[in-house]
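Here the structure is a predicted model, which is why all the values come from computation and not from measurement.
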Amino acid sequence: MHRPVDCDTVRKWVLKNGGNAEPENWKTVNTKPCPKCGRAIEKNQSRMHMTCVAPCCFEFCRLCLGDWNAHSYDFACNRFQVDDQGTETVTNQESESEAEEIQRKQRKAIKQSLDRYSHYYERWVAHERSREKAMSDLKHVQRFQIKQLSDKQCTYGFHIKFVTDAWIQIVECRRVLKWTYAYGYYLSQDETSLKNMFENSQAYVESSLE
């Protein structure tokens, strides 16, 4: 059951979560390929000096991917040079400035897309985990607490059936809220009024449930 979203949305969402596209996007945003072995290397320090992991251990510049040992202290990959014919040339980073600009915009777009996906996916998972916990609590209520409560109140179990009915409603609400995040992910960003109305309703339901 996946109300309020349709089967096509669920199919796309499940396929997206199970595919390799998002991990690949994360790699694009957060890593650079080693110029020697091609392995994706994550930058974990503030410096531009990168060192590939063993057994490669190649040291390179994050900016231009050039051999670090060929760099001067003032980053020669940013410096203009003049060739033998007197024509101005530039080193790797400057000669590819237009390509770098395109790549920077692509990386920014991918990061924004990844951040947006993470927002919806994390909340989708959170509501599913809360639903599972509510189901576990419901079983405990049904097995033990209803009898304890009926004994304490000196009444029959069917008189306090509303307690389990309420718990079942919590489980159902968690399921609905979980799928609203799949719906919200595929909701057009251009339909501002619809998006705002949806998010306001979603926030109200979440607040009420909590």
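Panel note: side chain Arg3, backbone Arg175; no donor-acceptor pair is recorded below 3.5 Å. Listed for the Ser208 side chain is a donor-acceptor partner under 3.5 Å among the backbone atoms of Tyr204. Side chain of Ser201 to backbone of Met197: a donor-acceptor contact under 3.5 angstrom is found. Under the 3.5 Å distance criterion, the side-chain polar atoms of Gln189 are matched with a main-chain donor or acceptor of Leu187. For the pair Ser130 (side chain) and Ala126 (backbone), a donor-acceptor distance under 3.5 Å is present.
When every heavy atom of Cys57 is checked against every heavy atom of Thr51, the shortest pair comes out as O-CG2, 4.1 Å. The nearest pair of heavy atoms linking Arg39 to Pro55 is NH2-CD, 4.5 Å.
Neither Val53 nor Trp68 shares a network with the other; the hydrophobic side chains, linked directly or stepwise wherever heavy atoms of I, L, V, M, F, W or Y lie under 4.5 Å apart, form separate groups for each. Ile102 and Ile110 sit in two unconnected hydrophobic clusters of ILVMFWY residues. Membership requires side-chain heavy atoms under 4.5 Å apart, directly or through other members. Under the 4.5 Å side-chain heavy-atom criterion for grouping Ile, Leu, Val, Met, Phe, Trp and Tyr, Tyr186 is connected to Trp124 within one hydrophobic cluster. Under a hydrophobic clustering in which Ile, Leu, Val, Met, Phe, Trp and Tyr are joined whenever their side-chain heavy atoms come within less than 4.5 Å, directly or via other members, Val125 and Trp13 fall into the same cluster.
To the nearest 0.5 Å, atoms CH2 (Trp179) and CG (Asp6) are separated by 11.0 Å. Once rounded to the nearest 0.5 Å, the distance linking OH of Tyr181 with CZ of Arg123 reads 6.0 Å. Between Cys34 atom SG and Glu59 atom CD the span is 11.0 Å, to the nearest 0.5 Å. Once rounded to the nearest 0.5 Å, the distance linking CD of Glu172 with CD of Gln169 reads 6.5 Å.
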- Take His127 and Arg131 through the test side chain to side chain donor-acceptor pair (under 3.5 Å) and record every step on the way to the result. CA-CA 6 Å; His127 278 295; Arg131 187 186 73 87; over 6 Å; no
- Criterion side chain to side chain contact (heavy atoms under 4.5 Å, CB included) on Asn17 and Tyr121, from CA distance to verdict: CA-CA 8 Å; Asn17 295 339; Tyr121 179 74; 3.5 Å; yes
- Item | Check against salt bridge (Lys or Arg N to Asp or Glu O under 4.0 Å), Arg174 and Glu210 | CA-CA 10 Å; Arg174 287 294 183 192; Glu210 292 299 333; 2.9 Å; yes
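Side-chain atoms of Ile41 and Pro33, non-hydrogen and from C-beta on, never get closer than 4.5 Å to each other. Looking at Phe58 and Pro35, their side chains come closer than 4.5 Å, going by heavy atoms from C-beta outward.
Cluster note: Leu177 groups with Ile170, Val205, Leu209 through ILVMFWY side-chain heavy atoms spaced under 4.5 Å, whether in direct contact or through intervening members.
Shown here are the side chain to side chain donor-acceptor pair (under 3.5 Å) partners of Gln106, two or more places apart in sequence or in another chain: there are none. Annotation: salt bridge (charged side-chain N to carboxylate O under 4.0 Å, His left out) contacts of Arg11 (sequence neighbours excluded): Asp8. For Asp165, the salt bridge (charged side-chain N to carboxylate O under 4.0 Å, His left out) criterion is met by Lys161, not counting sequence neighbours. Not counting sequence neighbours, the partners of Lys133 by the salt bridge (charged side-chain N to carboxylate O under 4.0 Å, His left out) test are Asp137. Not counting sequence neighbours, His2 has no partner by the side chain to side chain donor-acceptor pair (under 3.5 Å) test.
Looking at Lys16 and Tyr185, their side chains do bring a donor and an acceptor atom within 3.5 Å of each other. Between the side chains of Ser118 and Asp115, no donor-acceptor pair is found at a separation under 3.5 Å.
Between Glu132 and Arg129 there is no salt bridge, since no side-chain N of the basic residue sits under 4.0 Å from a carboxylate O of the acidic one. Classification of Glu101 and Arg107 as a salt-bridged pair fails, no side-chain N sitting under 4.0 Å from a carboxylate O.
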